[in-house]
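Worksheet: one structure, shown below.
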Amino acid sequence: MGKASRRKSEKKETTTPSQEVLDNALNAVQTIAGNMKINIRRDLPQAEKISNALSELLGYEVSKNAPLEEYKAALAFIVMAWNISLLNPSEQSAAIQKVVDSCGTADSSILRNVRIHLKRMIALKQALFPHDKRLVVSSDVRFEGNSFGVTAAALIQ
């Protein structure tokens with residue numbers, strides 16, 4: 001293996017999950033924003049991090065012994081509801097309808113449940129974090145010993 005290959009290999013191994021989430025978020029933001037200056041806050045106390053808020057919501061949604069796939073699916077749903085909660089009420093209704101329409105089923109009970117769970121999650125976010133207007137752009141969940149850890153990045157609107 002040449003020097004360049006070894007350096008690439010070493011670089012890949014040193015990337016942490018949180019750095020990977022941040023890199024994904026930066027790529028998404030730069031694609032949308034172009035050359036706009038982005039200020040990254042890494043010095044927030046744990047209680048103020050978006051990952052802390054998402055972890056709290058995830059704790060309400062997933063049973064303690066659930067598999068990682070269930071945590072990932074729940075986190076994706078939570079992030080979707082969180083971001084929808086930032087819209088004004090008429091835009092929220094339209095966004096919820098888009099989600100329901102994209103479910104790919106005609107089963108009215110499934111569609112009703114999707115709508116109910118989205119509205120419930122939006123209400124929970126609003127109850128626990130009413131003033132938090134950050135837009136979640138990237139997130140991931142992993143097991144850390146006997147518990148789960150969330151890594152996330154958000155934009156301040």
Side-chain angles (χ1 to χ4, degrees), residues 16-33 36-157:
T16 64
S18 59
Q19 185 61 48
E20 187 175 319
V21 168
L22 181 58
D23 289 345
N24 290 341
L26 284 172
N27 289 338
V29 170
Q30 288 172 344
T31 299
I32 295 167
M36 185 172 31
K37 184 175 179 341
I38 299 169
N39 184 14
I40 299 172
R41 300 273 322 267
R42 297 174 193 245
D43 58 342
L44 291 173
Q46 185 63 31
E48 293 178 28
K49 292 182 178 182
I50 192 69
S51 59
N52 191 62
L54 296 174
S55 292
E56 190 171 335
L57 292 172
L58 193 56
Y60 285 105
E61 292 302 302
V62 182
S63 62
K64 194 168 188 154
N65 296 323
L68 183 59
E69 294 78 29
E70 189 173 329
Y71 277 92
K72 287 183 179 282
L75 181 61
F77 193 81
I78 289 166
V79 167
M80 181 173 42
W82 181 288
N83 288 341
I84 290 172
S85 78
L86 303 176
L87 303 171
N88 68 47
S90 64
E91 291 174 323
Q92 281 184 21
S93 295
I96 291 169
Q97 188 58 48
K98 271 183 152 176
V99 172
V100 169
D101 292 345
S102 71
C103 286
T105 183
D107 187 332
S108 62
S109 65
I110 291 174
L111 299 177
R112 187 173 41 256
N113 281 332
V114 169
R115 185 182 308 280
I116 288 168
H117 288 303
L118 263 175
K119 287 182 176 183
R120 181 186 55 77
M121 185 53 59
I122 289 168
L124 183 59
K125 184 272 181 196
Q126 295 292 31
L128 296 176
F129 309 101
H131 303 293
D132 197 328
K133 303 297 183 199
R134 294 177 286 184
L135 178 70
V136 180
V137 294
S138 183
S139 63
D140 192 25
V141 63
R142 71 208 168 284
F143 285 127
E144 296 175 339
N146 294 334
S147 63
F148 66 91
V150 173
T151 305
L155 294 174
I156 298 174
Q157 296 185 320

Please check if the side chain of [X] supplies one atom and the backbone of [Y] the other of a donor-acceptor pair under 3.5 Å.
X    : Y    : result
W82  : K133 : no
D140 : V150 : no
R142 : G149 : yes
N113 : S109 : yes
K64  : N146 : no

Just so I know, are the side chains of [X] and [Y] near enough to count as touching, which here means a heavy-atom distance under 4.5 Å?
X    : Y    : result
R134 : L155 : no
C103 : L111 : yes
L86  : K125 : yes
L135 : I156 : no
H117 : R120 : yes
M121 : E61  : yes

Point-to-point distance, once rounded to the nearest 0.5 Å, from NZ of K119 to OG of S93: 6.0 Å
What's the spacing between L118 CG and M80 CE if we round to 0.5 Å? 5.0 Å
So, Q92 and N88: side-chain donor and acceptor under 3.5 Å apart, yes or no?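 No, N88 and Q92 have no side-chain donor paired with an acceptor closer than 3.5 Å.
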Would T105 and D107 count as having a side-chain donor-acceptor pair, cut-off 3.5 Å?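 No, no side-chain donor-acceptor pair sits under 3.5 Å.
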Nearest heavy-atom pair of [X] and [Y]: which atoms, and what distance?
X    : Y    : value
I78  : L54  : CG2-CD2, 3.9 Å
P130 : A127 : CD-O, 3.8 Å
A152 : S51  : N-CB, 4.0 Å

Could you walk me through whether D101 and Q97 pass the side chain to side chain contact (heavy atoms under 4.5 Å, CB included) check? CA-CA 6 Å; D101 292 345; Q97 188 58 48; 2.7 Å; yes
For the pair I84 and V99, evaluate side chain to side chain contact (heavy atoms under 4.5 Å, CB included) and give the outcome as yes or no after the intermediate values. CA-CA 10 Å; I84 290 172; V99 172; 4.2 Å; yes
Pair L75-L57, side chain to side chain contact (heavy atoms under 4.5 Å, CB included): steps then yes or no: CA-CA 9 Å; L75 181 61; L57 292 172; over 6 Å; no
Would F148 and Y71 count as a close aromatic pair, with their ring centres under 6.0 Å?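 Yes, they do, as the ring centres are separated by less than 6.0 Å.
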For Y60, does the OH atom sit with more than 12 other heavy atoms under 6.0 Å from it, leaving out its own atoms?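 For Y60, atom OH is not crowded (no more than 12 foreign heavy atoms under 6.0 Å).
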